[in-house]
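Lettering follows sequence order; numbering is per chain, from 1. Hydrogens, waters and symmetry mates are skipped; everything else that's a heavy atom, side chains included, is used. Quantities reported herein were computed from a predicted structural model and do not represent experimental measurements.
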Amino acid sequence: MAPVAARSMMRRFFARSATMAEHVYIDRIADHVGQEVLIKGWLYNRRSSKKMRFLQLRDGTGFIQAVAAAGEIPEAKFELADRLPQESSIIVRGIVRKEERAPFCGHELGLIDFDVVSESADYPISKKDHGDAFLMDNRHLWLRSYKQHTILRVRATIIKAIRDYFDDHGFVLVDSPIFTPAACEGTSTLFETRYFEQKAFLSQSGQLYQEAACMALAKTYCFGPTFRAEKSKTRRHLTEFWMVEPEVAYLDLDGDMDLAEDFLVYVVGRALEKHGAEIRERLERDIKPLENVHKPFPRISYDDAVSRIARIRDQATDPEIRQSLALEPEDDFGSPHETELTKRFDRPLMVHRYPAAVKAFYMKRDPDNRSRALCVDVLAPEGYGEIIGGGQREDSLEALLAEIDRHGLPQSAFTWFLDLRRYGSVPHAGFGLGLERTVAWICGLHHLRETIPFARTMDRLAP
RNA sequence: UCCCCAGUAGCUCAAUCGGCAGAGCGGGUGGCUGUUAACCACUAGGUUGGCGGUUCAAGUCCGUCCUGGGGAGCCA
């Protein structure tokens, strides 16, 4: 329907109202018990019998049921309420009352009248089960459903909590660029694009720029989208995801771990404070493990972790598990190692001092053991895996030059980065937290694609 | 790049050893006690992902390609 037609219909509707009912949002409905109100939304579902009509409505802030018995609303509307298609947009007038029998929110609306703003065609997402591929093809509509609606609101709260934490702890937001001239880490595959007459790449990390920023502003962070062209087809990978990356001058590895720990406790706490009930009831996630997220987190070294994994492997009887937990000396962990390790802890696990050989060129080596890097991974419990990677950065010019050579990277690409070690270099550290993995963990979701409004994966660029 | 699984009605799935392609939901029609993924009856709806092969006969077996899903590697 054209907007003009919709407006004139709304004017007619309001003109008919004897009393000028107030438009309220469903999330504030409990404040209006006994009052006549307007709900502006969509028809989520309907049921009917000969003498009753039940319209389940959603308005973007929540879900509520409207009820009418025969004779309580105009007869034509009573008929219409039995055949109006799912997801038609409607404006409903009714009286708010408490009602324990009603689904969703413990309140319902006694219908007085309603008008259709736009009648829906056949809505593709039905009330029964659908497959993942179908739902992702219809992601633009799937967002309207009960669970997805909740997840997006939790995601928004987590983003706000992340910003609030850093803003309230003396960090300055310094946005890193998205177009970059070369690989930041030289490991991951980058998306290549044209930048006028030259090649450019989409950023896979804002960290190197944060190292420059923290030398100017002491404590900085960036928070934005990140792009990885890796051909990873798993539920833990997206090609476009959001990452927050704090960086602090004069911070060492222990301080970095303190920061990551304090930050995670805050973010989980904020999510539970605002959405704990919804996460438990709507997403059906057991929130006890989240309520366990207090300081201190266990901190174990890579070498300690290796011997723990070896013990777990020795105790395993299943040959497949034994095979998957095999580990060569100095190897990085794979998903099976992380999963088995985190199962033994009731809160996020910090693993520090991995072999320098498996880490990026900018990691500072441990002066007590030059084969180890001053880095840390934070592994979420319940099999959610790595949500934070970080550590102390190499601050010596000579050592950094040697690492760039050892990794086969062109020095010319890092001229400005090396300048940071020429002009008043100091110890500094930081980390990156993957937003979608954090949302998946807090919401208890199986797959990352539900944690972001429109997921980009190896095989999906639409909708 | 490699390994595994799947593709049948708009959607979710079934079809025994290779032997007449079916059900639920959704749509339509009618009924119905405050329904909770409401329920009941009737009804329409199919080139079984594409191509090729084996066979009297292929949704089913073989080859190949496409699409999707899961995992490895890599990573947040």
Side-chain angles (χ1 to χ4, degrees), chain A residues 44-56 63 65-70 72 81-83 85-87 99-104 108 110 120-138 141-142 145-147 184-190 204-207 225-245 260 320 323-324 326 331-339 358-360 377-380 384-390 431-441 446-449 451-452 457-460:
Chain A
Y44 186 65
N45 195 5
R46 64 175 151 71
R47 298 188 191 85
S48 62
S49 64
K50 188 175 186 181
K51 295 177 180 171
M52 298 293 295
R53 296 289 185 265
F54 298 93
L55 300 181
Q56 293 184 349
F63 296 76
Q65 170 176 278
V67 185
E72 290 181 348
D82 194 30
R83 59 172 177 79
Q86 187 187 0
E87 285 301 322
E99 174 56 76
E100 287 188 5
R101 288 175 294 181
F104 304 128
E108 69 176 18
S120 175
D122 285 350
Y123 189 65
I125 298 179
S126 71
K127 288 172 260 179
K128 294 281 177 172
D129 288 340
H130 294 286
D132 297 327
F134 176 81
L135 289 170
M136 284 307 289
D137 285 342
N138 289 283
L141 303 175
W142 190 24
S145 62
Y146 198 54
K147 225 179 127 172
C184 286
E185 305 186 10
T187 53
S188 302
T189 319
L190 296 161
Q204 59 165 342
S205 166
Q207 179 206 311
T226 292
F227 307 89
R228 305 259 169 109
E230 287 152 0
K231 296 193 171 179
S232 301
K233 289 174 60 169
T234 86
R235 62 187 167 184
R236 295 185 312 280
H237 290 87
L238 299 170
T239 53
E240 176 182 321
F241 64 96
W242 284 63
M243 188 156 65
V244 60
E245 299 181 275
E320 271 187 39
Q323 172 65 32
S324 71
D331 261 5
D332 200 359
F333 300 147
S335 300
H337 308 108
E338 291 180 357
T339 303
V358 303
K359 290 291 176 181
D377 283 356
V378 181
L379 309 177
Y384 282 94
E386 184 179 347
I387 53 172
I388 283 180
F431 61 80
L433 169 114
L435 174 66
E436 285 75 18
R437 286 187 181 176
T438 305
V439 174
W441 168 47
H446 180 69
H447 202 298
L448 240 47
R449 68 186 153 213
T451 65
I452 186 165
T457 58
M458 190 183 142
D459 291 313
R460 181 174 295 280

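Nucleic acid contact class of A:Leu238 (heavy atoms, under 4.0 Å, all strands): base. Here A:Asp377 lies out of heavy-atom contact (under 4.0 Å) with every strand. Looking at heavy-atom distances under 4.0 Å, A:Gln65 makes contact with a base. Counting non-hydrogen atoms under 4.0 angstrom, A:Phe134 reaches the backbone sugars and phosphates but no base.
Straight-line distance from the CG atom of A:Asp137 to the P atom of B:G10: 15 Å, rounded to whole Å. Atoms NE2 (A:His337) and C1' (B:A72) sit 12 Å apart, rounded to a whole Å. Spacing between atom CD of A:Gln86 and atom P of B:G28 amounts to 12 Å, rounded to whole angstrom units. Going from atom CG of A:Asp459 over to atom P of B:G68 covers 5 Å, rounded to whole Å.
Remark: A:Lys231 is in phosphate contact with B:U1, judged by side-chain N or O atoms under 4.0 Å from OP1 or OP2. Look at A:Arg449 and you'll find a side-chain N or O under 4.0 angstrom from OP1 or OP2 of B:G70. Remark: A:Arg235 is not in phosphate contact with B:A76, judged by side-chain N or O atoms under 4.0 Å from OP1 or OP2.
Looking only at distances, no side-chain donor or acceptor of A:Tyr146 sits under 3.5 Å from a matching main-chain atom of A:Phe104.
Straight-line distance between the C1' atoms of B:U67 and B:C25: roughly 25 Å, to the nearest whole Å. Atom C1' of B:C17 sits at a distance of 23 Å from the matching atom of B:C13, rounded to the whole Å.
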